[in-house]
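These notes concern the structure reproduced below.
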Amino acid sequence: MKTKNHFPWYAPRFWHGMPSVVWWPLLQRHGWSVDWTRMHFATSVSLSTPLSDALALAQQTLFAAAIDKTELVSPPIFVLGHWRSGTTLLHELLQLDSRFASPNTYQCFAPWHFLITESMMTRFGNFLLPEKRPMDNMKAGWQLPQEDEFALMALGAESVYSRIAFPRRPVSLNTLSSDTFDPSKIDRWQSLLDWFLKAVTVREKKRLVLKSPPHTGRIELLCAKYPEAKFIHISRNPKSLIPSTIKLWRSLDYVQGLQGNEVEEDLEDFVFNCFDRMYSGYTAYASSLPRNQLIEVRYEDLIRDPTQTVQHIYDSLQLG
């Protein structure tokens with residue numbers, strides 16, 4: 001089943017802007033298996049890596065010291081939940097509080113150089129993005145809150161999101177749970193996340209609200225790095241959640257992938273395996289957190305009464 005491509009051909013994909021130190025190893029790990037119908041995307045990224053490298057070096061030269069000495073304003077707030085469970089809606093509602101900030105789409109897609117390029121791109125480059133996301137009717141835009149998982153992948157961390165670029169290649173699910181995360185990679189992963197949050201804080205100077213479904217099973221790793229972090233988990237009826245997630249991945253394969261044909265035969269298994277892996281990590285640790293550090297809400301309640309649901313979150317987590 002084909003998914004209509006709402007992205008214009010010139011719209012940037014999440015792997016645009018990757019420097020050579022990330023882009024070439026990504027291609028190599030996936031066997032250089034770019035379909036000829038998507039070769040123009042891979043070629044454009046390959047040709048732009050010298051520019052990305054130069055911009056990354058410029059940001060490092062100008063801001064490395066500032067990033068290194070920056071402290072987070074307050075422990076971060078993490079929105080957890082499976083894909084299509086309402087995490088984006090909840091994230092954007094929390095972002096209405098002027099005391100909070102979130103990494104935006106441009107910062108997550110260009111973590112290597114957003115501190116020197118964001119103002120120009122968000123001023124003159126809005127035409128590059130469609131008005132709506134390809135998988136639903138949520139608004140798209142450079143300055144809207146985005147998943148920090150994209151930033152982690154762009155910085156070179158292992159991620160299940162590599163499947164978006166190469167849907168026909170096998171992808172490890174080990175990073176979806178604290179108990180299966182490769183111990184030898186934990187320190188680097190935590191360092192990359194912390195570096196990115198500090199870089200965003202250099203720009204925003206507010207308490208950060210973060211949202212990435214893959215964090216759901218990593219709650220133990222996040223608490224190890226940020227012991228006083230707050231967590232909001234949102235769930236949704238599986239009868240709606242699973243079909244919507246399959247549609248999501250199918251859309252991402254078609255719009256973002258470097259391999260043009262969707263992989264229908266294993267997509268359902270992939271979704272269920274991700275679900276199992278994420279929630280094995282979540283349930284193993286979530287119950288040990290105090291009530292003022294983790295709250296669980298339902299998508300159906302958020303839709304029915306968003307004001308009351310958000311008020312309940314603020315009261316439970318003592319957000320003021």
Checklist entry - Can you name the side chain to side chain contact (heavy atoms under 4.5 Å, CB included) partners of Ser20, sequence neighbours left out? => result Trp24, Thr49, Asp53
Next on the checklist: Could you go through Ser235 and Glu296, starting from their C-alpha distance and side-chain angles, then the distance that decides it, and tell me whether this counts as side-chain hydrogen bond (donor to acceptor under 3.5 Å, both in side chains)?
Outcome noted: CA-CA 8 Å; Ser235 60; Glu296 297 179 337; over 6 Å; no
Item to check | Distance-only side-chain donor-acceptor flag, Lys211 / Ser102, under 3.5 Å | outcome: no
Next on the checklist: Going by side-chain hydrogen bond (donor to acceptor under 3.5 Å, both in side chains), Gln107 matches just one of Gln146, Glu204, Arg203. Which one?
Outcome noted: Glu204
Next on the checklist: When you compare the side chains of His233 and Thr216, does any donor N or O come within less than 3.5 Å of an acceptor on the partner?
Outcome noted: no
Item to check | Side chains of Phe114 and Phe196 in contact at under 4.5 Å (non-hydrogen atoms) | outcome: yes
Next on the checklist: Looking only at the side chains, is there a donor atom on one of Thr117 and His113 sitting less than 3.5 Å from an acceptor on the other?
Outcome noted: yes
Checklist entry - Are the side chains of Phe78 and Val209 in touch, meaning some heavy atoms are under 4.5 Å apart? => result no
Next on the checklist: Between Ser244 and Arg84, do the side chains contain a donor N or O and an acceptor N or O under 3.5 Å apart?
Outcome noted: yes
Next on the checklist: Hydrogens and angles aside, do Tyr299 and Asn237 bring a side-chain donor and acceptor to less than 3.5 Å of each other?
Outcome noted: no
Item to check | For Arg169, side-chain hydrogen bond (donor to acceptor under 3.5 Å, both in side chains) partners two or more places apart | outcome: none
Checklist entry - Is it true that Lys185 and Glu158 have a side-chain N and a carboxylate O under 4.0 angstrom from each other? => result yes
Checklist entry - Going hydrophobic residue to hydrophobic residue with side-chain gaps under 4.5 angstrom, can you get from Leu176 over to Leu248? => result yes
Checklist entry - Is any side-chain heavy atom of Leu302 closer than 4.5 Å to a side-chain heavy atom of Leu93? => result yes
Next on the checklist: Do the side chains of Asp253 and Arg168 get close enough for a salt bridge, i.e. N-O under 4.0 angstrom?
Outcome noted: no
Checklist entry - What salt bridge (Lys or Arg N to Asp or Glu O under 4.0 Å) pairs are there with at least one residue in residues 214-226, not counting sequence neighbours? => result Glu149-Arg218
Item to check | Any side-chain donor near an acceptor of the partner, Thr37 and Asp35, under 3.5 Å | outcome: no
Item to check | Geometric class of the Phe275/Tyr279 ring pair [parallel <30°, tilted 30-60°, perpendicular >60°] | outcome: tilted
Item to check | Note: Arg304-Asp301 ion pair, threshold 4.0 Å (strictly below) | outcome: yes
Next on the checklist: Between Trp112 and Ser52, do the side chains contain a donor N or O and an acceptor N or O under 3.5 Å apart?
Outcome noted: no
Checklist entry - Any idea how Phe100 and Tyr314 line up, ring-wise: parallel (<30°), tilted (30 to 60°), or perpendicular (>60°)? => result tilted
Next on the checklist: Would you say Asp315 and Gln311 are linked by a side-chain donor-acceptor pair, where the criterion is simply a distance under 3.5 Å?
Outcome noted: yes
Next on the checklist: Around atom CH2 of Trp32, are there more than 12 heavy atoms from other residues, nucleotides or ligands closer than 6.0 Å?
Outcome noted: yes
